[in-house]
2 protein chains.
Amino acid sequence: MRTVFEKTDAIALVAEVFRECGYEGASMSTITTRTRLSKGSLYHFFPGGKEQMAAEVLAHVDAWFAREIFEPLETAEPRAAIAQMWTAVDEYFRSGKRICLIGAFALDETRDRFAKPIRSYFERWTNALEAALTRNGTPAGDARQLAEDAIASIQGALVLARAMADETIFERSLGRMRLRLASHTT
Amino acid sequence: MRTVFEKTDAIALVAEVFRECGYEGASMSTITTRTRLSKGSLYHFFPGGKEQMAAEVLAHVDAWFAREIFEPLETAEPRAAIAQMWTAVDEYFRSGKRICLIGAFALDETRDRFAKPIRSYFERWTNALEAALTRNGTPAGDARQLAEDAIASIQGALVLARAMADETIFERSLGRMRLRLASHTT
DNA sequence: TATCGTGTAGACCGATCGGTTTAGTAGCGC
DNA sequence: GCGCTACTAAACCGATCGGTCTACACGATA
């Protein structure tokens with residue numbers, strides 16, 4: 001039996017395993033069984049092994065957010081960009097059933113391994129959201145606070161939703177944050 | 001050379017290793033080297049191995065929160081209890097330099113192993129905070145939302161603070177949440 | 001048909017994993 | 001002193017770890 005994959009498929013499959021198990025929890029054998037990719041295939045695509053897999057997965061996630069969220073916030077009309085952000089976030093995290101890989105990596109010592117991509121993901125997101133709010137008329141001081149608050153709320157809602165095994169928490173939290181951003185706006 | 005520990009010391013030491021490495025990331029050998037407890041000692045205190053260690057650590061954390069935060073919220077004068085909560089939270093997480101072990105366990109498949117303690121920790125916290133807010137005059141609908149929001153914000157702020165390696169984020173976030181709770185109150 | 005490049009399968013490697021066992025050492029009651 | 005319990009140290013175990021390697025299945029090209 002033989003199934004042929006492309007590297008892009010491999011990245012998406014591996015990403016899901018890291019999301020479910022964390023970096024340390026995802027052993028090569030869990031990765032092979034869950035992705036149905038043999039070790040041969042995996043080391044063909046990622047000669048650097050597990051660390052390279054994680055690095056490419058982080059880059060892949062970052063690219064998705066850059067395209068769907070950061071760039072609109074940075075350049076598009078702010079109200080539309082913020083609306084698009086909430087839609088994209090809800091879709092991406094599937095109402096809290098999926099977690100944020102980058103946030104999860106930040107919590108333990110895996111952070112030290114991937115410090116730069118983790119940091120720049122969150123920095124770009126907060127900066128982009130702050131900029132969009134400012135362009136939309138939010139006072140400069142408030143904009144920074146609101147942006148940090150929104151992103152922290154998203155991360156926290158993911159933790160809570162999983163901890164309590166209650167999908168509604170994520171959507172409720174998103175709804176509150178959406179209103180809060182809107183209410184500080186012209 | 002021989003150093004003698006008590007089980008309580010062992011739990012606190014092991015807790016710190018789990019906090020730093022996560023459940024899967026904390027191997028028996030990292031645990032022995034970081035705690036300076038030999039395998040003999042660890043298996044003497046925790047015959048059930050790693051899983052028992054984690055279970056007792058979770059119970060230990062839960063007991064601390066129950067004593068310092070949940071019980072005051074449930075029974076004491078609400079304004080004082082909420083003030084005490086913010087103090088205790090800031091002290092416990094050391095301005096974001098320490099993470100929430102229970103929140104971290106919730107993110108990957110470790111959650112399934114310890115589903116009950118994880119869930120009840122967050123449920124008791126939100127229920128207790130909601131009750132305190134209600135006793136203090138917050139409208140019933142708002143109280144639930146505010147409580148969920150506050151606890152999600154704390155968890156999210158821990159993620160963000162670590163991701164950006166910026167301690168000030170946690171304190172700023174705590175300050176905002178403190179104000180938000182206060183402003184929805186008589 | 002021969003060949004070449006891409007990708008797959010899985011046996012195999014030394015190191016490390018979680019866990020057990022054996023052989024103690026220290027402190028306390030008697 | 002003696003024995004007992006509480007605790008510690010480290011050698012040791014099979015299983016699993018991350019990673020390497022060989023063999024080969026294909027489609028494309030010619």
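A, B, ... follow the sequence lines: proteins, then strands. Residue 1 opens every chain. Please read all numbers here as calculations on a predicted model, not as lab measurements.
Rounded to whole angstrom, the span from the CD atom of B:Glu51 across to the P atom of C:dG19 amounts to 8 Å. One atom, NE2 of B:His44, and another, C1' of C:dT22, lie 16 Å apart when rounded to the nearest Å. Protein atom CZ of A:Phe45 is 6 Å distant from nucleotide atom C1' of C:dG7, rounded to whole Å. The distance between atom CD of A:Glu6 and atom P of C:dG7, rounded to the nearest whole Å, is 7 Å. What separates CD of B:Gln52 from P of C:dG19 is a distance of 10 Å, to the nearest Å. In this structure, CZ of A:Phe46 is placed 11 Å from P of C:dT8, rounded to the nearest angstrom. Here D:dC7 presents its C1' atom at 15 Å from CG of B:Leu13, a figure rounded to the nearest Å. Residue A:Leu37 contributes atom CG, which lies 6 Å from atom P of C:dT8 at whole-angstrom precision.
Using the six-membered ring where Trp is involved, B:Trp125 and B:Tyr121 have ring planes that are perpendicular, over 60° apart on the 30 and 60° scheme.
Residues A:Gly48 and B:Ser38 both approach DNA chain D. Their nearest nucleotides, taken by heavy-atom distance, put B:Ser38 toward the 5′ side.
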Which atom pairs, one a donor and one an acceptor, fall under 3.5 Å between side chains of residues 81-93 of chain B and the rest of the protein, sequence neighbours left out?
| from | atom 1 | to | atom 2 | distance (Å) |
| --- | --- | --- | --- | --- |
| B:Gln84 | NE2 | B:Glu68 | O | 2.9 |
| B:Thr87 | OG1 | B:Ala83 | O | 3.0 |
| B:Tyr92 | OH | B:Arg19 | NH1 | 2.9 |

Donor-acceptor contacts under 3.5 Å from residues 154-175 of chain A side chains, at least two apart:
| from | atom 1 | to | atom 2 | distance (Å) |
| --- | --- | --- | --- | --- |
| A:Arg162 | NE | B:Ala106 | O | 2.7 |
| A:Arg162 | NE | B:Leu107 | O | 3.0 |
| A:Arg162 | NH2 | B:Asp108 | O | 3.1 |
| A:Asp166 | OD1 | A:Thr168 | N | 2.9 |
| A:Asp166 | OD1 | A:Thr168 | OG1 | 2.6 |
| A:Asp166 | OD2 | A:Thr168 | OG1 | 3.3 |
| A:Thr168 | OG1 | A:Arg172 | NH1 | 3.3 |
| A:Glu171 | OE2 | A:Ser95 | OG | 2.9 |
| A:Arg172 | NE | B:Glu148 | OE1 | 3.0 |
| A:Arg172 | NH2 | B:Glu148 | OE1 | 3.3 |
| A:Arg172 | NH2 | B:Glu148 | OE2 | 2.6 |

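Distance CZ/A:Phe70 to OG1/A:Thr126: 9.0 Å, rounded to 0.5 Å.
Using modelled atom types and a 3.5 Å distance limit, the side chains of B:Ser29 and B:Thr32 yield no donor-acceptor pair.
If you check every strand for non-hydrogen atoms under 4.0 Å, B:Gly40 touches a base.
Side chains of A:Arg124 and A:Glu74 form a contact here, defined as non-hydrogen atoms less than 4.5 Å apart.
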Short N/O separations, protein against nucleotides 14-18 of chain D, under 3.5 angstrom:
| from | atom 1 | to | atom 2 | distance (Å) |
| --- | --- | --- | --- | --- |
| D:dC17 | OP1 | A:Ser27 | OG | 3.1 |
| D:dC17 | OP2 | A:Ser29 | OG | 2.8 |
| D:dG18 | OP1 | A:Lys50 | NZ | 2.9 |
| D:dG18 | OP2 | A:Met28 | N | 2.4 |

